[in-house]
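A short write-up of the structure that comes next.
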Amino acid sequence: MAKIDDYTPIVGQSTIDDLRLLAGKLAGKKVCHYNSTAVGGGVAEILNRMVPLLKELGVDTRWEVIKGGKKFYEITKKFHNALHGKREQLLKSDYEVFLETNRKNAAEANLSSDIMFVHDPQPIALVEKKGSNKWIWRCHIDVSNPDKEVWSFLSGFIKNYDAAVFSSQKFSQILPIRQFLIAPSIDPLSDKNKELSPEAINSVLDNYAVPRDKPIITQISRFDRLKDPVGVIEAYKLVKKYIDCRLVLAGGTATDDPEGLAVLSEVQERAAGDPDIHILMLPQDDIAVNALQRASSVVLQKSLKEGFGLTVAEALWKGKAVVASNVGGIPLQVTHKYSGMLCNTVEGAAFNIKQLLNHPQYAKKLGENGRNHILNNYLLTRHLKEYMLLFLSVFQSQDMVYL
Ligand code: UDP
């Protein structure tokens, strides 16, 4: 695992010096991250790297995961969908199970760290046990148009936090607490993003039986309807009428997502009969994700809603031409026709993919611009710096903060 000094050649000495300086100011403070899964999805991806690096910098940090049963995750998935604007039927008993699970966890957990940093809705009600310490709610999802009932239920907890953090300006809400805008990030030195040799890439593709005889279009995502995997297949089919290519649709499951298997079987049904569509159920294997992204001519992210879309940053960092939906946090990363292509429909996605496959020099240029954009804005070191500034700022009175 990379150490903090290993980032110096990428981001420069002054960035690393800033991190050490800020970490020094947090000496003696304890930080606890709380989320809903240790494996799968963007939040776990970030915490897996953020927590060890904060520790290495000397910030006393731990990471806890809320424990819940099948019913709890079914309910929180409904919350997730409703916050993304989908109509969901939530019963009184659903809210009760949600609260019971949070209260059971709260009774058993150590919630006394100086900073309790709670990610997303699943553990949000732990804040009922707030003492005189500082609590931050970190929202990773697109809540620009949430279902009113669910948002109002969650707001009852959010107002008891000291601050809320959103990934994009578009998601901020009217709240009685301070709000911060901090975008997610990727780790350029993790197995998922580090450089790979051509042999390593070929070996992964051989392993998954994906020939490299034609251009490859790839989307890597949990099998979730909001990632629109069926729309990905539709777009590929439109492209395939004109350009011979392969589609890789790869994803694993997250332990907090109960819908994955049902979506996977819908996708398999839609893909049936086309040997150039590769539906891959990936184990947790970062090198495989890395290699599949690197072997692709175009990386697609055709989400219907997206908090940020780490997969977009991962592909851009690899200099790939990206076609991604103009939703949520994606336009922070992709400026249309500069650092990738944005789309709004299946037809738009297909049109952009065709353009990129037909004009490899243009695709290369977009990929280069994209890599620079990620280097300047979305690497883990910037994220660490902003989190430490946030931690320091919650101990200051509001009018002293100039973040
Ligand atoms: N991911 C993975 N394996 C998979 C599917 C996704 O490692 O089979 C990773 C992906 O590379 C990214 C993260 O999970 O790092 C997903 O984050 P993103 O923000 O794109 O979406 P989320 O799943 O959080 O909605």
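What you are looking at is a predicted structure, and each value in this text was computed from that prediction instead of being measured. This chain uses plain numbering: 1 for the first residue, then up along the sequence. Order of appearance sets the numbers: ligands from 1, and atoms from 1 within every ligand. In what follows, every heavy atom counts, from backbone to side chain, and hydrogens, waters and symmetry copies are set aside.
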Hey, are [X] and [Y] close enough for a salt bridge, meaning a charged N less than 4.0 Å from a carboxylate O?
X    : Y    : result
E314 : K318 : no
E128 : K130 : no
D187 : R49  : yes

Exercise. Who's closest to atom 10 (C) of ligand 1 heavy-atom-wise, of T311, L226, D191, V289?
Worked result: T311
For this session: Only heavy atoms count here, so choose which of E45, K192, R222 is nearest to atom 1 (N) of ligand 1.
Result: K192
Problem set entry | Within reach of ligand 1, part of E314 (heavy-atom separation under 4.0 Å) | side chain
[X]-ligand 1 polar pair, N/O distance under 3.5 Å:
X    : value
G42  : yes
S221 : no
Q293 : no
V43  : no

Problem set entry | Per-atom contacts, ligand 1 versus G252 - under 4.0 Å to a heavy atom | 4 (C), 5 (C), 8 (O)
Seminar exercise, completed: Taking only non-hydrogen atoms of G309 and a 4.0 Å limit, the atoms of ligand 1 in range are 19 (O), 20 (O)
Problem set entry | Beyond-backbone contact of L175 with F166, side-chain heavy atoms, under 4.5 angstrom | yes
Problem set entry | Aromatic ring pairing W137/Y161, orientation class (parallel under 30°, perpendicular over 60°, tilted between) | tilted
Problem set entry | Set of residues satisfying ring-ring contact (aromatic ring centres under 6.0 Å, His included) with respect to H140, sequence neighbours excluded | H119
Seminar exercise, completed: Contacts of F391 meeting ring-ring contact (aromatic ring centres under 6.0 Å, His included) (sequence neighbours excluded), chain-then-number -> F117
Exercise. Is the closest heavy-atom distance from Q301 to ligand 1 below 4.0 Å?
Worked result: no
